[in-house]
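Take a look at the structure set out below.
Sequential numbering from 1 along the given sequence is applied to the chain's residues. Quick note: numbers below take in every heavy atom, side chains included, and nothing from hydrogens, waters or symmetry partners.
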Amino acid sequence: MYIPKYYEEKDWSEIEQLIKEFGFATLISILNHEPIAAHIPLELSKNEAEEWILSGHVSRANQIWKSFEPGKDVLAIFMGPHTYVSPTWYNHKNVPTWNYKAVHVYGKIRVLEGEELKNGLRNMMARYENLHAEHPMKMEDIPHQLLEKDFNGLVAFQIKIERIEAASKLSQNRDAESYKGVIDHLKKSEAYDSKRIAEEMEKRKK
């Protein structure tokens, strides 16, 4: 990912938070010499060796799983908040742009089977059920026959993270007056993630 130095995000806590909050990612691989992508939730955690990993699964009907050869390089893209920035918000003439936060994760993929597959699905279900459901369901609450059918229709995997690129493009290249102007206008806007980006800019205001 192209990242000018003043937009490069090096704070791991910011990167970790974005991956966990915006976990519905784009997974990109290569199949038959062509790029292929899937939009799926990915879970960030550490394995037994204390290495950072991403875990997820796809439907067996999704052809991307056929690219999951052991040790295959893949890319996961996590898109955080983003919004349009008008040049009319600066104290000088300029061009329109877009403010955003994004993380690219590169790593080696491997397919999970047996208990590893079940544990991965159990952990992901527990996380999202606890976040969204008033009365969270556990995987054990699902009828066994239905669950086994689901297991057979899925391909679960882990990605051992090897490299991360992160960008927080938040008008860092603007003077103080223009920076404040962007924040003030974003706070009043209802478009995209305007208010969230304004909050992110407030946090970084010098």
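Taken to the nearest 0.5 Å, the CG atom of Leu75 stands 11.5 Å off from the CD1 atom of Ile109.
Here ring pair (Phe, Tyr, Trp, His ring centres under 6.0 Å) pairs that include residues 22-70, with residues two or more places apart or in two chains, are Trp12-Trp52, Phe68-Phe157. Among residue pairs with one or both ends in residues 26-43, those qualifying as salt bridge (charged side-chain N to carboxylate O under 4.0 Å, His left out) are Glu43-Arg127; sequence neighbours excluded. Within the structure, no pair that satisfies the ring pair (Phe, Tyr, Trp, His ring centres under 6.0 Å) test touches residues 104-145, not counting sequence neighbours. Pairs of residues two or more places apart, or lying in two chains, that qualify as salt bridge (charged side-chain N to carboxylate O under 4.0 Å, His left out) and include a residue from residues 155-170 are Glu51-Lys160, Arg163-Glu165. Within the structure, salt bridge (charged side-chain N to carboxylate O under 4.0 Å, His left out) contacts touching residues 70-96 (residues at least two apart or in different chains) are Asp73-Lys108.
Heavy atoms of other residues, nucleotides or ligands lying less than 6.0 angstrom from CD of Glu113 number 12 at most. Heavy atoms of other residues, nucleotides or ligands lying less than 6.0 angstrom from CD of Gln145 number 12 at most. More than 12 non-hydrogen atoms from other residues, nucleotides or ligands lie less than 6.0 angstrom from CG of Asn130.
Apart from Tyr6 itself, the hydrophobic cluster it occupies contains Met1, Ile3, Tyr7, where clustering links Ile, Leu, Val, Met, Phe, Trp and Tyr at side-chain heavy-atom distances under 4.5 Å. Tyr2 belongs to no hydrophobic cluster, as no Ile, Leu, Val, Met, Phe, Trp or Tyr side chain comes under 4.5 Å of its own.
Take Glu200 and apply the side chain to side chain donor-acceptor pair (under 3.5 Å) test, not counting sequence neighbours, and it matches Lys101, Arg196, Lys203. In this view, Arg60 satisfies the side chain to side chain donor-acceptor pair (under 3.5 Å) rule with no residue, not counting sequence neighbours. Scored by the salt bridge (Lys or Arg N to Asp or Glu O under 4.0 Å) test, Glu116 finds Arg110 as partners (sequence neighbours excluded). With sequence neighbours excluded, the residues satisfying side chain to side chain donor-acceptor pair (under 3.5 Å) with Glu177 are Asn91. Annotation: side chain to side chain donor-acceptor pair (under 3.5 Å) contacts of Ser55 (sequence neighbours excluded): none.
Between Lys138 and Glu129, none of the side-chain N atoms (NZ, or NE/NH1/NH2) sits under 4.0 Å from a carboxylate O, so this pair counts as no salt bridge. Salt-bridge annotation for Glu8 and Lys5: absent, with no side-chain N of the basic residue lying under 4.0 Å from a carboxylate O of the acidic one.
Put simply, the side chain of Ser194 gets close to the backbone of Ala191: a donor and an acceptor are under 3.5 Å apart. A donor-acceptor pair is defined here as one N or O able to donate and one able to accept, closer than 3.5 Å; such a pair exists between the side chain of Asn123 and the backbone of Asn119.
Under the 4.5 Å side-chain heavy-atom criterion for ILVMFWY residues, a single connected hydrophobic cluster contains both Leu186 and Tyr90. At a threshold of 4.5 Å between side-chain heavy atoms, the hydrophobic network of Ile, Leu, Val, Met, Phe, Trp and Tyr places Leu154 and Met139 in one connected group. Residue Ile159 is not grouped with residue Met124 when hydrophobic side chains (ILVMFWY) are merged at heavy-atom distances under 4.5 angstrom, including chains of intermediate members. Criterion: ILVMFWY side-chain heavy atoms under 4.5 Å apart, direct or through other members. Under it, Leu27 and Leu31 are part of a common hydrophobic cluster.
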Tell me, with the steps shown, if Ile77 and Val103 meet side-chain contact (heavy atoms from CB on, under 4.5 Å). CA-CA 6 Å; Ile77 297 176; Val103 175; over 6 Å; no
Using side-chain contact (heavy atoms from CB on, under 4.5 Å), reason through Lys180 and Ile183 one step at a time and then give a plain yes or no. CA-CA 5 Å; Lys180 182 178 182 302; Ile183 292 174; 5.6 Å; no
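Between Trp89 and His185, the ring planes lie parallel to each other; the angle is under 30°, not in the 30° to 60° tilted range.
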